[in-house]
Amino acid sequence: MKIAFLGTPEFAVPSLTMLHAAGHTLLVFTQPDKQIGRHAVLTAPAVKQCAQKLLIPVCQPQKIRGEEGQAALKAFAPDLMVTAAFGQILSAENLAVPTHGCINVHGSLLPKYRGAAPIQWAVINGEAETGITTMLTDVGLDTGDILLKRAVAVDADETAGELYDRMAVIGAEVLKETIEALEKGALPQKPQNPAEATTCRMLKKEDGKLDFSQPALAVHNRVRGVNPWPGAYAFWRELPLKIWRTKLSDVHTETSLSCGSCFGDAKRGLFVCCGDGRALEITELQAPGGKRMQARSYLLGKPMSGERLI
RNA sequence: CGCGGGGUGGAGCAGUCUGGUAGCUCAUCGGGCUCAUAACCCGAAGGUCAUGUGGUUCAAAUCCCAUCCCCGCAA
């Protein structure tokens, strides 16, 4: 089939690779290159880099809804449109172009976690299970009819980044099944139940700020959910301390240590008191100006016992 | 040329402002003690203090200059 593929970050890469391997004729639409990193180097999105390797033509209109985007789409005249974490809303005109409509690969079990960063929010909320849903895109935000779903178990210590990478691959598999079913004309289609719908927003830098008045489990889930981006942090001696990894401990602190108080040493590890009186072990951190490292190593040079994280 | 922090034995840090013998915690090696331990005690080895055969100085990890590398913020 002639497929217009709209995607931007890593999440979309396995899907694109799969479509290419399946022999479809492709045209890739992705976001414009952006200035990334410390010295603002213009960097191509992951999907563009992948497409170039596979020698698939790439189109980067500022706005797919704009004249340029719509014209490019029409000129290609695709049978089908596929989106995976594209990052732009499609217009009704866009959606009218492909003869078989538009399939979206979404990183949650819809209608839950509609919107941006569904994988991260699922981890932050401590979900034991999330999944991939393919749906028929309509003009709403992830509101279209559900095609296929596959549940994915979330490991209790898994980070959003790890889960994201796994789900990108699973997303490609579900997309493959969806398209195969479509080609056979055997694609189930079920409207979403709006009553069960939840919507999540994009993550912001501040979402990484830890609140030790929350239960240890909630803090742990937050740390996992914002790893690798925006990254969890707390303030120590007025400076931000990044917290990469934590581990739930059985240590309870009946003593009147306040939330955020640290104890432990390089032998035992670094523990911080949380709202439910349980201690959370910080296993991997990053000091200002430094690289990420084992918390135990850091304690060799900077004992933190008795100090407070805010 | 966006703003800022940093590079000190194998690891993590102090020392730099106020130049004057290279320090701490751990790891390593040797010895001791203990029924035993992530224990404890004694001792040892290990560093051109990122680079420049740069500048200033009687004297530079420390002050000045240049270069390289790492990191945070902002985008």
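Below, read A as the first sequence line, B as the second, and so on, with proteins coming before strands; counting in each chain starts at 1. Note that this is a predicted model, so its numbers are computed, not measured. Below, all heavy atoms of this structure are taken into account, side chains as well, without hydrogens, waters or symmetry copies.
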Just the rounded figure in Å: distance from [atom2] of [N] to [atom1] of [X].
X	N	atom1	atom2	value
A:Arg268	B:rU25	CZ	P	17 Å
A:Lys205	B:rA75	NZ	P	11 Å
A:Leu285	B:rG12	CG	C1'	11 Å
A:Trp229	B:rC73	CH2	C1'	13 Å
A:Asp265	B:rG12	CG	C1'	14 Å
A:Leu270	B:rG12	CG	C1'	14 Å
A:Leu239	B:rG6	CG	P	11 Å
A:Leu241	B:rC73	CG	P	12 Å

Separation between the [atom1] atoms of [N] and [M], rounded to whole Å:
N	M	atom1	value
B:rU16	B:rA61	C1'	7 Å
B:rG5	B:rG19	C1'	24 Å
B:rA66	B:rG12	C1'	30 Å
B:rG9	B:rG54	C1'	26 Å
B:rG15	B:rC24	C1'	10 Å
B:rC3	B:rA59	P	36 Å
B:rA74	B:rU18	C1'	35 Å
B:rG55	B:rU67	C1'	15 Å

Can you list every pair that meets side-chain hydrogen bond (donor to acceptor under 3.5 Å, both in side chains) and has a residue in residues 299-310 of chain A, with sequence neighbours left out?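 Those involving residues 299-310 of chain A are A:Trp236-A:Glu307, A:Arg237-A:Glu307, A:Ser258-A:Arg308.
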
State which residues pass ring-ring contact (aromatic ring centres under 6.0 Å, His included) with A:Tyr164; sequence neighbours excluded, sorted by chain then number.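 With neighbours one apart ignored, the set is A:Phe11.
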
Residues in ring-ring contact (aromatic ring centres under 6.0 Å, His included) contact with A:Phe263, at least two apart in sequence or another chain: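 For A:Phe263, the residues satisfying ring-ring contact (aromatic ring centres under 6.0 Å, His included) (neighbours in sequence not counted) are A:Phe271.
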
Which pair of heavy atoms, one from A:Pro228 and one from A:Gly161, lies closest together, and at what distance?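 In terms of heavy atoms, the two residues are closest at CD-CA, 3.6 Å.
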
A:Leu19-A:Leu80 co-clustered via ILVMFWY side chain contacts under 4.5 Å: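 In one cluster with A:Leu19: A:Leu80, yes.
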
Write down the protein N/O and nucleotide N/O pairs, taken from nucleotides 39-45 of chain B, whose separation is under 3.5 Å; answer none if there are no such pairs.
none

Could you identify the nucleotide paired to [N], looking across every strand shown and requiring Watson-Crick or G-U wobble geometry with both distances under 3.5 Å?
N	value
B:rC3	B:rG72
B:rU16	none
B:rU56	none
B:rA50	B:rU67

A:Glu67 atom CD: more than 12 heavy-atom contacts under 6.0 Å: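 No, because the 6.0 Å sphere around CD of A:Glu67 holds 12 heavy atoms or fewer from other groups.
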
For residues A:Asp276 and A:Gln214, determine if any side-chain heavy atom of one lies less than 4.5 Å from a side-chain heavy atom of the other.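 Counting from C-beta outward, A:Asp276 and A:Gln214 never come under 4.5 Å.
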
N/O donor to acceptor pairs below 3.5 angstrom from side-chain atoms of residues 21-31 of chain A, sequence neighbours left out:
{"unit_1": "A:His24", "atom_1": "ND1", "unit_2": "A:Met1", "atom_2": "N", "d": "3.1"}
{"unit_1": "A:Thr30", "atom_1": "OG1", "unit_2": "A:Gly7", "atom_2": "O", "d": "2.7"}
{"unit_1": "A:Gln31", "atom_1": "OE1", "unit_2": "A:Gln88", "atom_2": "NE2", "d": "2.8"}
{"unit_1": "A:Gln31", "atom_1": "NE2", "unit_2": "A:Phe86", "atom_2": "O", "d": "3.4"}
{"unit_1": "A:Gln31", "atom_1": "NE2", "unit_2": "A:Gly87", "atom_2": "O", "d": "3.2"}

For the side chain of A:Glu180 and the backbone of A:Glu177, is there at least one donor-acceptor N/O pair under 3.5 Å apart?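 Between the backbone of A:Glu177 and the side chain of A:Glu180 there is no qualifying donor-acceptor contact (under 3.5 Å).
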
Using a 3.5 Å distance criterion without hydrogens, assess whether the side chain of A:Asn104 forms a donor-acceptor pair with backbone atoms of A:His106.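 A pair under 3.5 Å: no.
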
Which of residues 288-310 of chain A sit near RNA chain B, with a heavy atom under 4.0 Å from it?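 Here the set is A:Gly289, A:Gly290, A:Lys291, A:Met293, A:Ser297, A:Tyr298, A:Leu300, A:Gly301, A:Lys302.
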
Determine the sole option in A:Val47, A:Asn94, A:Ile64 for which the side chain to side chain contact (heavy atoms under 4.5 Å, CB included) test with A:Leu6 is passed.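 Exactly one option meets the side chain to side chain contact (heavy atoms under 4.5 Å, CB included) with A:Leu6, and it is A:Ile64.
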
Regarding A:Lys34, tell me which of base, sugar-phosphate or nothing describes its non-hydrogen contacts under 4.0 Å with the strands shown.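 Nothing, no heavy atom under 4.0 Å.
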
